[in-house]
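Only one structure is covered here, and it is reproduced in the block below.
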Amino acid sequence: MPDHSYDFDLFVIGGGSGGVRAARIAAGHRAKVGLAEEYRMGGTCVIRGCVPKKFMVYASDYGHKLEEAKKYGWDVTVGAFDFPGFMANLHAEVDRLSGLYMSGQVNAGVEVFEERAEFVDAHTLKLTKSGRTITADKILIAVGGSPWRPSPEELPGVEHTITSDGIFQLTELPKHIVIAGGGYIACEFAHVFAGLGVETCLVYRGDTVLNGFDMDVRTTVHEGLKEAGVRVITNTVFESIEKTAHKGVPLHLKLTNGMSLDADVIMMAVGRRPHIHGLGLDAAGVKVGDRHEIVVDEYSKTNIDNIWAVGDVTRRAELTPVAIREGHAFADTEFGGNPRHFDHDTIPTAVFTQPEVGTVGLAEHEARKRYGAVVVYKTKFRPMKNMLNGKSERVFMKVIVRQNDQVVVGAHIVSPDAGEMIQMLGIAVKMGATKQQFDDTCAVHPTIAEEIVTLRTKSE
Ligand code: NDP
């Protein structure tokens, strides 16, 4: 039973994907809910992540499509790219979505505070703009993450760099960009900028990008970056950055391997960290792990009995749909009389490189480690569309099957629309489909996706 001596039954800190879902569902279960957001409603995904990034991917891809259209008979002259015009449209849409997030909360009966909330103790929060103190029976931390950068001691001149947040503040398209990192964000933006005609260089400390993904996917994406015109420099990191007017380019960068580079914009995409600084977690007694994450159990509960956390701040899987599912399960459990938790196994995901990566389940190295004997089916081919448009780009598909029962335990695609394909394939893999059931499914012809049900070449 809720304790009505508190101002709220539930107070949510953070108006991103996980927070708004939890707040709306809890309010629907008749809880009295408050939510504080210090910046703009929508969080990373809507304001400075998935949504504006995907618009940039589309913008970049239109350039390729216009070129390709010529071979399909269209008389196309590709003119200049109007970056300020495009960004104005992008920001207008982000504003619209942020407004919808706000009205969705208000309509659900959630009281929204447009200011920062910090813990005073496990049931008390201070709102930093108004100075108001509020109390809540239950508190949900959904503050997300933010881009991490080395300190100026670790990387002299780091203050001259931007992160993915800064990309959406650019007022003009750079001529030369250098991007540090080899993860989702670095690879996606390297393709975006190369596609927009920017001289793009990626500097990665390892030897093949997308660490943790299936090795065949990694090599395909790595080669794809180079084919897209990205200069990829591996096995090195930034040593220092200086502001200079060298050859009319404002930034001069030294790498630890002795090379140096010039750029208008340098972007650090070297990971994200939970956004917990100054939140007062000590005052509430909330436990934080070695990766700066809030430690939670499968029901998203922290070590403190009335405090939960969902989304990127817990670093279970830093993906929008995961935060949404975690927030929803929390609200149903605590306010809907329906105890349940989100299953973090077999999460489909996409990397919006060009072409995209779609992946679900285990990479080959993980499957071999977990199950020992596996059978791998894979193919690489030039899709039909590219036969006329002159593109040499190939599609890659791989399915990993557990040998003892023929269950598909991993599927990986590098292809146009791989994100769309893996959403559908994710259902089959989550259901535990076997390779035989894939094969029994009739192909849809002529498509790229049909190859997934006709895979024959195997290795063990
Ligand atoms: P990632 O953790 O994916 O990648 C970080 C990259 O930076 C890695 O290549 C890492 O190298 C490198 N790196 C880390 N520390 C250093 C350092 N000190 N010096 C040099 N390089 C370093 O982070 P991202 O920022 O790209 O993305 C964060 C998360 O956000 C992702 O993991 C994903 O969950 C989510 N995301 C999802 C997207 C999607 O769904 N499409 C899009 C964007 C983000 P190494 O590989 O050697 O560790």
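Indexing begins at 1, ligand by ligand and atom by atom, following the structure's order.
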**OP:** Check whether any side-chain heavy atom of K435 sits under 4.5 Å from a side-chain heavy atom of V375, and report yes or no.
**Re:** no
Original post:
Got W308 and T333 here, is their nearest side-chain heavy-atom distance under 4.5 Å?
Top reply: no
So which heavy atom in the protein is nearest [atom], and how far is it from that ligand atom?
| atom | value |
| --- | --- |
| atom 4 (O) of ligand 1 | G183 CA, 3.4 Å |
| atom 46 (O) of ligand 1 | Y204 OH, 2.8 Å |
| atom 7 (O) of ligand 1 | V270 CA, 3.1 Å |
| atom 42 (C) of ligand 1 | E188 OE1, 3.4 Å |
| atom 28 (C) of ligand 1 | R272 CD, 3.7 Å |
| atom 38 (C) of ligand 1 | Y184 CD2, 3.1 Å |

Original post:
Do other residues, nucleotides or ligands put more than 12 heavy atoms under 6.0 Å from D282 CG?
Top reply: no
With a cut-off of 4.0 Å, which atoms of ligand 1 are near a heavy atom of [X]?
| X | value |
| --- | --- |
| L319 | 37 (C), 40 (O) |
| K53 | 41 (N), 42 (C) |
| V237 | 20 (C) |
| G271 | 5 (C), 23 (O), 25 (O) |
| G182 | 6 (C), 8 (C), 9 (O) |
| W148 | 18 (N) |
| A269 | 5 (C), 6 (C), 7 (O) |
| N211 | 45 (P), 46 (O), 47 (O), 48 (O) |

Can a cation-pi geometry be assigned to [X] and [Y], taking NZ or CZ under 6.0 Å from the six-membered ring centre and within 45° of the ring axis?
| X | Y | answer |
| --- | --- | --- |
| K138 | F335 | yes |
| R325 | F342 | no |
| K53 | F352 | no |

Testing the 3.5 Å rule here: is there a donor-acceptor pair between the side chains of [X] and [Y]?
| X | Y | value |
| --- | --- | --- |
| T349 | T359 | no |
| T163 | R272 | no |
| H64 | E393 | no |
| E326 | H344 | yes |

Original post:
Does ligand 1 have any atom sitting under 4.0 Å from a heavy atom of A350?
Top reply: yes
Heavy-atom nearest neighbour of [atom] within options [options]:
| atom | options | answer |
| --- | --- | --- |
| atom 11 (O) of ligand 1 | R149, E154, R205 | R205 |
| atom 24 (P) of ligand 1 | T256, T163, T44, I185 | I185 |
| atom 33 (C) of ligand 1 | E356, E318, R218, K54 | E318 |

**OP:** Quick one: do D214 and I400 satisfy side chain to side chain contact (heavy atoms under 4.5 Å, CB included)? Show the steps, please.
**Re:** CA-CA 10 Å; D214 185 273; I400 299 154; 3.9 Å; yes
Subject >> Structural part of F238 in contact with ligand 1, heavy atom criterion under 4.0 angstrom >> reply: neither
Original post:
Are K369 and E366 within salt-bridge range, i.e. N to O under 4.0 Å?
Top reply: no
